[in-house]
S.K.: 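Below is the structure I would like to discuss, written out as structure tokens.
So that the names make sense, note that chain A is the first sequence line, chain B the second, and so on, each numbered from 1. Nothing here was measured: the structure is a model prediction, and the numbers come from that model.
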2 protein chains.
Amino acid sequence: MAHRMISDEQLYETALDLFRTYGYEGVSLQRLSAATGLEKASLYYRYPGGKDDIAKSVAQGVVHWFQSNIFAALLSDLPPRRKVATVADRLRAFYGGGRKSCITEILSIPGGPEELRAGLKAALQAWIKAFAEVARQSGMSTPIAKARAEEAISRIEGSLILARVLEDTGPFERALRLLPDLLTKE
Amino acid sequence: MAHRMISDEQLYETALDLFRTYGYEGVSLQRLSAATGLEKASLYYRYPGGKDDIAKSVAQGVVHWFQSNIFAALLSDLPPRRKVATVADRLRAFYGGGRKSCITEILSIPGGPEELRAGLKAALQAWIKAFAEVARQSGMSTPIAKARAEEAISRIEGSLILARVLEDTGPFERALRLLPDLLTKE
DNA sequence: GTCTATATTAAGATAGAC
DNA sequence: GTCTATCTTAATATAGAC
């Protein structure tokens with residue numbers, strides 16, 4: 001047995017799930033080993049930087065997913081309201097209908113490598129910018145569009161907290177349903 | 001030296017600050033020891049149950065603070081709008097103007113004792129109920145009042161995430177400023 | 001590319017002196 | 001009531017066999 005027991009994609013998905021569930025400090029190499037079926041030494045072979053390396057790779061993967069699936073959808077030439085509806089569907093899938101936490105929330109808790117937090121900050125700024133842009137396209141003034149973008153993401157993040165604590169996906173679903181009215185004018 | 005080097009209140013405040021900053025998994029007894037000036041064995045003397053015990057005590061303290069400072073204010077006979085303004089001021093202080101994270105958010109991440117999560121869930125339900133009650137008092141229908149309460153807390157929690165990630169207290173301040181309009185009718 | 005084995009440090013926790 | 005000292009387990013990390 002000399003070749004990969006688990007694909008890079010599977011390893012990524014497993015690590016993402018662990019980090020967004022337990023946080024940086026809550027994920028040990030032992031836990032990663034148990035979840036992936038790879039021994040710790042094998043994880044170091046794939047990620048020489050160890051846990052920091054894996055966490056940064058996960059964060060980078062999420063940033064890439066947002067670029068391809070959220071920001072790209074917002075740059076299409078569909079009507080703004082259609083674009084936002086598409087984004088809401090993709091966010092619903094990404095957050096497991098409200099059962100999965102936001103990796104930006106979880107990994108922004110101090111403890112992990114500093115680069116991680118810097119990357120998440122940049123990603124969040126990009127997300128706000130992308131939402132503000134679609135709101136402006138739909139006819140809002142620049143300052144109102146920016147406020148609505150902040151409000152939309154604030155409500156998504158907040159509703160995910162409520163969903164986690166209350167063990168009820170309702171708040172998240174309601175936040176997503178409001179997205180079109182929040183980010184588009186009529 | 002046979003007597004208390006640090007008061008229970010000081011120990012509580014220090015532990016609260018550590019847990020809301022680093023999360024359950026991110027707080028070690030070493031860290032608590034360094035921050036309080038007490039050796040680990042002394043922490044065990046005060047909290048025989050160790051870290052779990054301290055975390056549960058912190059959560060209980062916060063629940064008590066909310067009862068005395070938030071829920072109590074909402075039960076006074078001031079006009080609803082005045083009550084909400086008072087609550088906003090107290091929440092601003094509690095969250096350090098947006099610089100401090102929500103203990104409910106942080107301690108709801110899996111890893112700590114189960115009782116912790118159950119207590120936080122009950123506390124959050126009580127918070128929603130208290131906000132819904134003041135909204136209803138101000139003239140809203142029961143379902144709308146409940147929706148507004150959920151929205152208000154969702155935005156507070158979400159804005160605290162944004163504030164932490166963006167290193168900018170603006171979102172939190174804006175969320176608080178909106179509270180009166182959100183929870184009262186005129 | 002993955003494994004077993006091991007080194008090293010830090011974690012949670014307790015015993016017993018003062 | 002706090003301390004030093006110690007135990008046990010689990011953490012990150014590496015060496016070297018296959």
S.K.: Run B:R164 and B:S101 through side chain to side chain donor-acceptor pair (under 3.5 Å) and show every step you take.
M.R.: CA-CA 7 Å; B:R164 182 173 75 213; B:S101 295; 3.1 Å; yes
S.K.: Is any side-chain N of the basic residue among B:D181 and B:R81 closer than 4.0 Å to the acidic one's carboxylate O?
M.R.: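 Judged by the 4.0 Å cut-off on N to carboxylate O distance, B:D181 and B:R81 do form a salt bridge.
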S.K.: Could you state the CD1-C1' distance from A:I54 to D:dA13, rounded to the nearest angstrom?
M.R.: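 These atoms are roughly 12 Å apart.
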S.K.: Can a salt bridge be assigned to the pair B:E150 and A:R155 using a cut-off of 4.0 Å between side-chain N and carboxylate O?
M.R.: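 Result for this pair is no, no salt bridge flagged.
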S.K.: Considering only side-chain heavy atoms of A:K40, which listed nucleotide, D:dT4, D:dT12, C:dG12, is closest?
M.R.: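 Within the option list, the nearest is D:dT12.
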S.K.: For D:dA13 and A:Y44 - does any side-chain N or O of the residue sit under 4.0 Å from the phosphate oxygens OP1/OP2?
M.R.: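 A:Y44 to D:dA13 OP1/OP2: side-chain N or O found under 4.0 Å.
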S.K.: State plainly whether the residues B:D53 and B:R46 are in salt-bridge range, i.e. N to O under 4.0 Å.
M.R.: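 Judged by the 4.0 Å cut-off on N to carboxylate O distance, B:D53 and B:R46 do not form a salt bridge.
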S.K.: Where each residue is assigned the nucleotide of DNA chain D containing its nearest heavy atom, which of A:P48 and B:E39 is assigned the position nearer the 5′ end?
M.R.: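 Nearest-nucleotide comparison on DNA chain D picks B:E39.
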S.K.: Among D:dA13, D:dT2, C:dT2, which is the nearest nucleotide to the side chain of A:R4?
M.R.: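 Minimum distance to the A:R4 side chain belongs to C:dT2.
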S.K.: What do you reckon, is CD of A:Q125 surrounded by more than 12 foreign heavy atoms closer than 6.0 Å?
M.R.: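 Yes, because the 6.0 Å sphere around CD of A:Q125 holds more than 12 heavy atoms from other groups.
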S.K.: Whole Å only: how far is the OH atom of B:Y24 from the C1' atom of C:dA11?
M.R.: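 Rounding to the nearest Å, OH of B:Y24 and C1' of C:dA11 are 11 Å apart.
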S.K.: Hey, can you pull the residues of residues 27-34 of chain B with a non-hydrogen atom under 4.0 angstrom from DNA chain C?
M.R.: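 Listed by number, they are B:V27, B:S28, B:L29, B:Q30.
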S.K.: Ion pair present between A:R92 and A:E173, side-chain N to carboxylate O less than 4.0 angstrom?
M.R.: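 Here A:R92 pairs with A:E173 in a salt bridge, since their nearest N and O are under 4.0 Å apart.
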S.K.: Give a yes/no answer on whether the side chain of A:S42 brings an N or O atom under 4.0 Å of OP1 or OP2 in C:dC3.
M.R.: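 Affirmative; the distance criterion is met.
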S.K.: Can you tell me the distance, in whole Å, between the OH atom of B:Y47 and the P atom of C:dT14?
M.R.: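 Answer to the nearest Å: 17 Å.
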S.K.: I need the OH-C1' distance between A:Y45 and C:dT4, as an integer number of Å.
M.R.: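 Value for this atom pair: 18 Å.
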S.K.: C:dT4 C1' sits how many Å from A:L43 CG, rounded?
M.R.: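 Whole-Å distance recorded here is 15 Å.
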S.K.: For B:R46 and C:dA13, what is the distance between atoms CZ and C1' respectively, to the nearest whole Å?
M.R.: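 Interatomic distance, CZ of B:R46 to C1' of C:dA13: 18 Å.
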S.K.: With sugar-phosphate meaning primed atoms plus P, OP1 and OP2, does A:K51 contact a base, only sugar-phosphate, or nothing at under 4.0 Å between heavy atoms?
M.R.: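 The answer is sugar-phosphate, as A:K51 gets under 4.0 Å only of primed atoms, P, OP1 or OP2.
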S.K.: In whole Å, what is the span from the OH atom of A:Y22 to the C1' atom of D:dA11?
M.R.: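 Answer to the nearest Å: 17 Å.
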S.K.: Kindly point out which of C:dG12, D:dC3, C:dT2 is positioned nearest to the side chain of A:L38?
M.R.: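 Of all the options, the side chain of A:L38 is nearest to C:dT2.
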